[in-house]
**Q** 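One structure is given below, represented as structure tokens, and several questions about it will come after.
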Amino acid sequence: MDVDPSSERNDSDEPTLRIAAICAAYGNDRHRMLDILRDVQEGFRWVSPRSLETVAACTGLSRVQVEGVASFYSFLSLTPKGRITIRLCDDIVDRFAGLAAVAAAFEAELGIRMGETSADGSFSLDYTPCIGMCDQAPAAMINDVVVTRLTPERAASIGSALRAGRLPLEIAVPGHAGLSPAERAAAMVENNIRHAGPVLLGPVPSDAGLRQALELTPTAIIDAIEASGLRGCGGAGFSTGRKWRAAASEPAERRFVFCNADEGEPGTFKDRVLLTERADLMIEGMTIAARAVGAREGLIYLRGEYAYLRDHLEAVLESRRAGGRLGRRIHGIEGFDFDVRLQLGAGAYVCGEEGALISSCEGLPGEPKTRPPYPVNRGYLGFPTLVNNVETFCHAARILGRGADWFRAMGTDRSHGTKLFSVSGDCLNPGVYELAYGLTLAELLTLVGGEDAAAVQVGGPSGTMVDRANFHRRLSFDDLATGGAIIVFSARRNILEIVDYYMSFFVHESCGYCTPCRVGNVFLHKAIGKFRAGLANPEDIDYLRDLSQTIIETSRCGLGMTSPNPILTTLQNFPLVYSALVKSSPDRVRASFDVQSAIEGARRIARRRSTIFDEDYT
Amino acid sequence: MAEPRLIEISPVTRVEGHGKVTIHLDAQNRVEEARLHIVEFRGFERFIRGRLLWEVPVIVQRLCGICPVSHHLAAAKAMDMICGVDVLPPTAEKMRRLMHYGQVMQSHGCTSSTSPRRTCCSASARRPSSATSSR
Amino acid sequence: MNETRKPRVATVSLAGCFGCHMAILDIDERLVGLMQAVEFDRSPLTDLKTFTRRCDIGIIEGGCCNEENVHVLQDFRRNCDVLIALGQCAIMGGLPAMRNAIMQSDAPLRECLEEAYITGAYIRNTTHQIPNDPALPLLLDRVYPCSEVVEIDYQIPGCAPGGDIIFETLSSILAGRFHGFSRDSFKFD
């Protein structure tokens, strides 16, 4: 079934027709490039050179433009993948939870190494960064199905079942046929809700906020959001009210409301739980926003790793349409039309950045956009676009339902309301906690059963690594800010190993546009490697600081502006980890330069030893 | 009766490309062989492949810092051949000559007596088809 | 530096094209004053092939392409108090470092050698072999900047730097008053 790239292009042969049909299903619209290529990948297991040409011809683009998109996203492949692709999460939490043994078990059972595809095209085994299952690690994706709490035994049994021809969904959720999409999602992945708060995870009424909002003018809705003090829940913490006001005031014929469900920051999985349990509330929040800013079109950008939630979300959308709460004449109001479509991502952390998210929706590679203009002024296709996090929309719906003062009273002076924290790592009770802003890290650690933690990564790799001396600090926007990720590390974990992994993550996920980020992060990662190898000199600590500062100051998006944080925050809070490893070389000749391995290639070509460096050469 | 041995003179002046001379003496201390080695290797022939046309003269100037103009001219002539240029515009011809005479003056007249002179790769610039002495 | 003797300066061109040494000579008549103020030890300018004494300043042109460059650079580090990397080759590998980035090649070193000695279009090589005399130093897997091999104290950027910047920097270092380059002394076209 795979297209042979060397054969002559025949516009009427079956694969070409299938690809043309895929493009036609999306109206040959170049802005739907990501969907087109996702479908091509699914149908053919790769995006072949012939596919690139066909898609380019159908959408009116050049081949290289299509290739740019196909080569950008991790879940699209320019080489053939197996019919079953297993993506094993290799985040630091999974590594500490026994990833190596699980990987070895898959390799043994399937007969291929990590990174390979079997010769007959049946299986591919790959590593992938955080898939949002940190509280039940090690975890993996098998095509779109998720399996968690893997052990070597379970991996072997999954591999063997796959080889016997059983389907991934059947393996992950036996007896799934009778389940609704929501039940299937809940059976596949645990929620692990450990602490429900008054706003989101406790019982919530249906549509209370939307009905209340319809009693208000759009301006009054925005006033309420602003009065509540709600700030963005994705990590940046921008005032939601101000954002809605800006989106509403920009003159335009079209306006969009986008929900950022890309949740890619390692250690964050709270949106996954909201999408599973509170999807209705979230869409209600989007609808309220649409009312407030005057948008008729909405979109949920769902990260590719959460594709298992697609059916459930489509079902919720359909149910709201059927109930007159979405689509045309919402709640019977003439002129109040708003509908939402689902857009799946394809494995790119940077697409959680709102500009990159919009680029991705426009069928482009997920590169952030230069700001200004901001998306609320000129976003998707040049129109004002309101982009908010899943949790933010949920809070907005509850604020309209219960009132701004109710929300504002919770939390602290500049961090109002509750927040969902996703806790994982070395603690007794990983999972999702809804708590009011302002609690100390120490209090949280008591709740989660992690009092003996040695280090806590607050906010994922782009946040802060906090040491015991700072556990009195508060979780709020003014002190320890986070989009939700809290990763607990015990004393037996190697800090530099964690930093090393986080730097490799940023190297992998950088979109590549800004040279200081693309190249600088590689240099930072290599420098950490020098420290771990015991080859660092004292001035390398200054080098880490200088280079970090350069990257932060000269990057155009949040990725580059925060990628040096693992290094900077550990230099600040765990300085001994670095200073204990440096040594000066007394004769100032660098120990990190290994001349023997540098001349090894030449030795082989010349088939002789070195007259200078091989002492026993005669 | 001595052992066969090797005398090494390194580096050799008057040659860009870092020359080394080894003199092989036999057991009777007579010169058996004298070899000139050019020990520098950079791989220009390979890494200019794939570069843009107008980058090449600028890149190959760095073959030699004493006679960069010679290399620049040789590359420019090669680019002429690629583009099918038979006749140069008069200005281009004059510029090339001016640059070349300037180099000759710098090498032979204007610099101190310690600079490597005649045997530098500039000697080969008069014979456009030969390879340069160092790569 | 000891006031009762002249500072001693050594220079070398590792994998350089000698353009930076020519740039030193571009200080023109100031060379006369320089030669009265300092003593040149090991240098192509004096044709002294080894260090006769420990030197105050070592000026390095060129990066490290082969093992002999590494050996000489390490020798310079051990025999000089201060090392100045002169020109882009010494600072970051320079133009020869283009060999490092040959795309789509598993064996860039072998490809470069074969292109130069065997498969090149106008080669006349009667041995049909890559030269392999033991006197030839082995090439490194990639071109390294000097600062990756030894600690470097100062850098003067350029390809080649102009005579003025070389003279000003060298004079300041000799007088112990070098504080970095002013912003307008470098214009990159």
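Letters A, B, ... are given to chains in the order of the sequence lines, protein chains preceding strands, and every chain is numbered from 1.
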**Q** Check whether any side-chain heavy atom of A:Phe531 sits under 4.5 Å from a side-chain heavy atom of A:Val582, and report yes or no.
**A**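 Of all side-chain heavy-atom pairs linking A:Val582 with A:Phe531, at least one is under 4.5 Å.
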**Q** Where does C:Glu67 contact chain A at under 4.5 Å (heavy atoms): side chain, backbone, both or neither?
**A**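 Both parts, backbone and side chain.
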**Q** Heavy-atom distances under 4.5 Å only: say whether C:Leu136 touches chain A with side chain, backbone, both or neither.
**A**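 Both backbone and side chain.
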**Q** In terms of heavy-atom pairs under 4.5 Å, which option from A:Ile599, A:Asn537, A:Val595 contacts chain C the most?
**A**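 If we count pairs closer than 4.5 Å to chain C, A:Ile599 comes out on top.
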**Q** In the structure I gave you, are the side-chain heavy atoms of A:Pro49 and A:Arg63 within less than 4.5 Å of one another anywhere?
**A**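 A:Pro49 vs A:Arg63: side chains touch.
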**Q** What part of C:Asp133 lies closer than 4.5 angstrom to a heavy atom of chain A: side chain, backbone, both or neither?
**A**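 It is the backbone, since no side chain atom gets that close.
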**Q** Any side-chain donor-acceptor pair under 3.5 Å between C:Glu114 and C:Thr119?
**A**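 No pair is found: no donor N or O on one side chain lies under 3.5 Å from an acceptor on the other.
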**Q** Non-hydrogen atoms of chain C under 4.5 Å away: do they reach the side chain of A:Glu539, the backbone, both or neither?
**A**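 Contact with chain C involves the side chain of A:Glu539 alone.
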**Q** Heavy-atom cut-off 4.5 Å, strictly under: side chain, backbone, both or neither for C:Glu68 against chain A?
**A**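 Both parts, heavy atoms under 4.5 Å.
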**Q** Any side-chain donor paired with an acceptor under 3.5 Å for A:Glu600 and A:Ser597?
**A**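 Per modelled atom types, A:Glu600 and A:Ser597 side chains form no pair under 3.5 Å.
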**Q** Counting heavy-atom pairs closer than 4.5 Å to chain A, which one of C:Leu138, C:Val70, C:Leu109, C:Leu140 comes out on top?
**A**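 If we count pairs closer than 4.5 Å to chain A, C:Leu138 comes out on top.
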**Q** Fit a plane to each ring of C:Phe178 and C:Phe181, take the angle between them on a 0 to 90° scale, and name the class: parallel (under 30°), tilted (30 to 60°) or perpendicular (over 60°).
**A**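 C:Phe178 vs C:Phe181 ring planes: perpendicular.
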**Q** Output yes when C:Arg5 and C:Asp56 qualify as a salt bridge under the 4.0 Å nitrogen-oxygen rule, no when they do not.
**A**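 Counted as a salt bridge, because a side-chain N and a carboxylate O are separated by less than 4.0 Å.
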